[in-house]
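Everything below concerns the one structure shown next.
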Amino acid sequence: MKVKTLIFLTLFISGSTAFAQQKGIVSGVVVDASLNNETMPAVSVAVQGTKMGANTDIDGKFKLELTPGTHILVFSYVGYQTLRDTVAVKAGNNINLSVAMASDAQVLDDVVITGEVRKDTESALLRKQMNSAVITQSIGSQEMSRKGISNAAVAITKVTGIAKQEGTSGVFVRGLGDRYNNTLLNGLPLPSNEPTSKNISLDLFGTDVIQSIGISKTYTAEDYGDVGGATVNIISKEHVGNPTLSVEIGGGLNTNAFRSDFKRADNWKRFGFYNVKPPTTLQQYTFGSKWSPNTVDKPFNYDFSIQGGKSFQVGEEGRLNIFATVSHKNNYQFRKGSEKVMGSRVDIVNADYFNIEKNVYETNTTGMLNLDYRVNSKNRLRWNSIFINGSSSAVNDYDVAPLDEPIQFTRQTLTQQNQLFLNQLLGEHQLKERLSLDWGASYGIVNADMPDRITSTLSTSNSGGFEFNNSQVNNQNRYFQYINEKEIAGRFAFNYKLFKNEMGEYNGKLSVGYTGRYKKRDFEATQINARIQQSGIAADPNNLDAFLNADNFTTTTATSPTFRFETARVLSLVPQTYDAKLNVHGGFALFEHTPNKNLTYTLGLRADKVLQKMTWDVNILQPIVDFDQADIDKVFILPEATLKYTLSENQNLRVAASKSYTLPQFLEKAPFQYEDVTSLTFGNGALKPADNYNLDIKWEQFPSSDELFSAGIFGKYIKDPISQTLITSAASNLFSFLNAGDYAYVFGAEIEMRKNITSGFSGGMNVTYMYSRQELDPEKVAKETDYTMSVNFNDDHDRLQGASPLLVNADLTYKLNSGKVRPTIAIVGNYFYDRIFSLGAFGRGNIVEKGYPTLNFISNTAINEKWEVGLKINNLLNNEVRMEQENTDQSVEVYNYKRGLDFSLGVKYKIF
């Protein structure tokens with residue numbers, strides 16, 4: 001019996017083995033054709049007519065053992081077109097497939113609501129982050145909507161290690177400010193809209209034009225080399241799926257503004273489009289608007305937008321996707337607080353601005369057209385045009401007690417208009433099986449105008465009222481500033497696949513390419529002073545035009561109750577100017593290799609030829625007279641290397657090391673003195689570029705498609721860092737830009753978590769801790785400026801300006817995905833610890849922005865398939881924004897105000 005059993009088992013096993021050997025193997029990888037061929041996990045691969053099948057793994061790979069014959073494989077995924085592929089299987093043979101899936105127009109319209117497979121979803125971006133060969137992070141429109149984010153500036157502050165400093169439009173990345181960062185749109189650089197900034201103000205980009213924002217805090221050779229903190233790449237929104245058309249309207253208020261007697265400039269424009277030119281003569285009074293503002297009772301904010309898209313079939317293979325949007329919004333803000341200009345001791349108060357009221361009206365009008373033409377499976381062209389008009393009209397009142405002088409009143413009415421018009425053309429081409437080409441070109445124009453800034457200074461009179469202060473010729477003035485910046489940029493990269501394996505896959509890639517940019521800025525400014533020729537003339541702050549009008553204007557210098565016009569050039573209207581040009585030509589080579597399933601590394605080298613030239617015509621003392629001495633003409637050689645080690649199917653260990661550089665901003669080198677009410681800023685032509693050395697180590701785990709745990713450490717060493725510093729001057733608050741020491745460094749740790757807590761509930765948190773130090777050397781500053789600038793630092797080292805030792809972001813979200821009413825409710829908070837606003841000198845301590853938490857409430861409810869209702873309450877805690885000057889004898893509060901709460905309610909209707 002035992003012998004029979006043994007014979008039976010032997011025959012059974014032999015037969016089974018022989019049968020198995022007669023099978024063939026079908027394997028392959030599935031990619032997303034609409035997401036740059038990113039691999040797709042969890043795709044169903046079924047054998048039609050059988051119960052056999054499999055799901056793709058985390059890398060989009062699958063494997064099936066099939067009997068010889070013809071089989072039909074069915075590839076399916078929610079929101080994508082179902083594909084069928086017929087394969088002829090032979091015994092013992094291996095078949096390798098590469099399958100590209102495209103989003104299904106009919107299904108995708110439903111997927112938009114659930115947010116499962118679009119390119120802007122959190123899961124899609126996490127998948128891209130997991131598979132990327134380099135360290136990167138992204139935030140998409142889905143996450144921005146969930147967190148109530150209104151623009152790109154707020155969006156990137158939700159990323160680990162990034163914060164926005166009070167009073168600035170730029171952001172700080174790991175303690176490095178605006179000059180160390182770089183802003184791109186679809187991979188091409190953006191011109192700046194502000195004279196004091198390298199980068200365009202990110203709050204100009206509303207979420208209606210953003211598909212996602214990529215943030216790279218490590219440098220790779222294919223990126224532009226002028227970056228030390230982060231490269232921010234805004235990806236413009238594109239259309240996918242069924243035709244769509246939606247309209248949205250909303251309204252809201254700021255509690256401070258709503259309760260105030262809000263002041264609004266006489267030249268205020270509701271939609272923010274200004275066309276104010278400076279006078280062409282000093283012989284007549286030609287101003288068309290009043291010196292004094294008007295008042296508004298209970299101002300409301302409002303916004304509206306319309307957006308839509310459609311796809312068209314072009315020929316047998318082509319498809320044209322069109323997306324367009326137009327939007328407008330305004331915003332009233334009121335701030336009440338105080339400011340001080342302190343000396344080196346608590347009893348030295350150079351100026352006490354004991355009561356400050358700032359009335360700010362802002363607008364943003366945006367239009368964008370995006371054309372995406374997929375010529376065929378191998379060629380794609382994209383055209384993107386965007387126009388943005390951002391404006392701000394502020395009436396700022398200052399009650400000030402100057403040192404040893406009577407109390408004064410200063411009002412500055414500040415009008416600003418920033419216009420960006422940018423056109424881009426981009427292409428992707430599969431030239432051969434192994435060879436592809438990516439390229440792009442752009443032309444951008446920015447007009448950043450300050451049309452008619454009005455400043456008035458009054459003194460208290462013996463009768464207790466006010467009178468015009470005529471102690472300085474510029475105490476009553478109107479200022480006109482215009483910036484025109486044009487930028488042409490281009491890039492191309494040839495990508496060649498290497499190392500084909502037995503599965504038909506390529507394990508390597510060589511990219512060789514070029515990036516170039518040409519930037520030109522024309523700056524001009526004219527200040528017209530109304531020189532009052534007699535003291536003691538009464539003034540009403542709310543009716544300055546009772547005296548400053550055409551009837552009291554004169555062209556003579558006789559002492560009388562009149563005024564005449566003068567400029568910095570006395571009677572000449574020739575403006576103060578500087579012109580700057582920047583040429584950067586860069587070539588790069590980047591090698592990427594995956595020698596086995598666990599290891600991927602890159603090696604890159606970039607060379608940038610930089611030429612920056614500047615000329616100026618200003619009527620002030622110049623630290624450098626020779627224009628050539630302000631030139632930057634240098635070649636930068638920038639190596640980089642990255643390593644990604646896959647610990648498991650959902651865990652990565654990453655290392656990145658690189659060198660990059662930081663160029664001084666135009667205004668940091670131009671010897672032009674910019675005057676604010678409480679401070680003055682002056683350029684330094686001797687400023688040198690900084691060299692940056694970067695190192696990152698990061699571990700990351702992706703427990704599911706929308707969950708993440710990561711931890712990392714980083715370090716940066718900066719040679720010749722650039723700082724804004726108080727310099728020796730008769731003015732008590734004159735700042736300039738200096739290579740303040742030989743080096744600086746920053747290192748720290750970052751932790752990030754995204755977790756599904758229970759059904760419907762999810763949360764996230766990221767924490768950054770860092771330490772920074774910069775060396776300070778007054779002798780170095782003196783030598784490099786030919787002893788035309790003098791500083792007296794309080795110590796030989798300090799922390800980096802803007803570097804907060806601790807940054808925390810957190811959110812908790814509840815989302816209901818089913819039913820006719822589907823609410824999403826989120827609480828979003830963040831906290832930063834104290835950070836340096838400006839470095840101290842001459843015994844005056846650092847001015848430090850004190851840390852505080854913020855908390856926002858966001859609710860968005862989908863009703864059926866057509867309606868959405870959103871409610872946002874920002875700044876729930878309404879903490880006081882405070883700064884202190886840390887003198888040795890005592891820390892003194894030098895700045896404070898409260899923003900108030902912002903309420904907004906919006907309704908969106910999907911027409912189709």
Side-chain angles (χ1 to χ4, degrees), residues 134 170 172-184 189-190 192 197-199 216-233 487 489 491 513-519 580-590 604-614 630-642 656-669 684-696 714-724 737-746 772 774-775 780 784 800-802:
V134 298
F172 283 77
V173 180
R174 294 171 170 175
L176 302 179
D178 173 75
R179 69 176 65 87
Y180 290 98
N181 302 317
N182 200 14
T183 307
L184 311 176
L190 284 163
S192 176
S197 300
K198 168 188 171 184
N199 293 284
S216 177
K217 291 176 285 186
T218 60
Y219 175 71
T220 57
E222 59 191 346
D223 293 333
Y224 291 86
D226 182 13
V227 60
T231 295
V232 178
N233 186 22
E487 181 157 345
R491 63 173 174 84
Y514 162 85
T515 61
R517 62 193 303 187
Y518 169 76
K519 178 187 293 189
K581 296 178 182 179
L582 173 66
N583 275 287
V584 181
H585 298 281
F588 68 88
L590 182 63
L605 183 66
R606 180 185 183 87
D608 273 359
K609 174 65 169 69
V610 176
L611 177 61
Q612 180 174 301
K613 299 183 73 68
M614 183 175 293
D631 290 351
I632 298 174
D633 189 354
K634 188 173 181 180
V635 175
F636 295 91
I637 304 298
L638 309 175
E640 61 94 351
T642 69
S658 62
K659 179 187 177 184
S660 58
Y661 62 91
T662 297
L663 296 177
Q665 302 165 33
F666 286 152
L667 193 70
E668 292 178 340
K669 288 181 70 72
N684 169 21
L687 206 57
K688 298 188 299 185
D691 291 321
N692 313 308
Y693 299 85
N694 318 291
L695 177 65
D696 277 76
F714 62 88
K716 291 182 181 291
Y717 176 87
I718 306 169
K719 184 176 181 295
D720 291 319
I722 302 169
S723 301
Q724 180 175 325
F737 307 95
L738 309 169
N739 300 110
D742 288 327
Y743 66 90
Y745 58 82
V746 57
S772 66
Q774 62 176 322
E775 299 302 297
K780 169 185 169 71
E784 292 181 352
L800 280 171
Q801 177 187 350

Taking all atoms of both residues into account, what is the closest heavy-atom pair of [X] and [Y], and its distance?
X: Arg606; Y: Ala221; answer: NH1-O, 3.0 Å
X: Tyr224; Y: Ala489; answer: OH-CB, 4.3 Å
X: Tyr219; Y: Gly225; answer: OH-CA, 3.6 Å
X: Ser658; Y: Glu640; answer: CB-CB, 3.6 Å
X: Lys669; Y: Ala630; answer: CE-O, 2.8 Å
X: Pro689; Y: Ile632; answer: CG-CG2, 3.9 Å

For a salt bridge (charged side-chain N to carboxylate O under 4.0 Å, His left out) with Asp696, tell me which candidate from Lys716, Lys217, Arg174 qualifies.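 The passing option is Arg174.
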Residues forming a ring-ring contact (aromatic ring centres under 6.0 Å, His included) with Tyr661, sequence neighbours excluded: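 Residues passing ring-ring contact (aromatic ring centres under 6.0 Å, His included) with Tyr661: Phe636.
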For [X], check salt bridge (charged side-chain N to carboxylate O under 4.0 Å, His left out) against everything at least two apart and list the hits.
X: Asp720; result: Lys688, Lys780
X: Lys634; result: none
X: Arg491; result: none

For the [atom1] atom of [X] and the [atom2] atom of [Y], what is their distance to the nearest 0.5 Å?
X: Gln612; Y: Phe666; atom1: CD; atom2: CZ; answer: 5.0 Å
X: Leu611; Y: Asp631; atom1: CG; atom2: CG; answer: 6.5 Å
X: Arg179; Y: Ser723; atom1: CZ; atom2: OG; answer: 6.5 Å
X: Asp608; Y: Thr515; atom1: CG; atom2: OG1; answer: 6.0 Å
X: Lys659; Y: Asp691; atom1: NZ; atom2: CG; answer: 4.5 Å
X: Lys719; Y: Asn692; atom1: NZ; atom2: CG; answer: 11.5 Å

Given Asp633 and Lys609, is the side chain to side chain contact (heavy atoms under 4.5 Å, CB included) satisfied, shown in steps? CA-CA 8 Å; Asp633 189 354; Lys609 174 65 169 69; 2.6 Å; yes
Are [X] and [Y] close enough that some pair of their side-chain heavy atoms sits under 4.5 Å apart?
X: Ser660; Y: Tyr180; value: no
X: Pro664; Y: Ile722; value: yes
X: Val134; Y: Ser216; value: no
X: Val746; Y: Leu800; value: yes

Name all residues meeting the side-chain hydrogen bond (donor to acceptor under 3.5 Å, both in side chains) criterion together with Asn583; count only those two or more places apart in sequence or in a different chain, and write none if there are none.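 For Asn583 there are no side-chain hydrogen bond (donor to acceptor under 3.5 Å, both in side chains) partners, ignoring immediate neighbours.
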By the definition side-chain contact (heavy atoms from CB on, under 4.5 Å), identify the one residue from Ile637, Leu638, Leu590 that meets it with Leu605.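 One option only clears the test, and that one is Ile637.
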Does Thr231 have any side chain to side chain contact (heavy atoms under 4.5 Å, CB included) partners at least two apart in sequence or in another chain, and if so, which?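 Listed in chain order: Asn182, Leu184, Val227.
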Donor-acceptor pair, Asn181 side chain versus Ala230 backbone, under 3.5 Å?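 Yes, Asn181 side chain to Ala230 backbone: donor-acceptor pair under 3.5 Å.
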Using modelled atom types only, decide if a donor and an acceptor are shared between the side chain of Asp226 and the backbone of Leu663 within a distance under 3.5 Å.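 Confirmed, Asp226 side chain pairs with Leu663 backbone.
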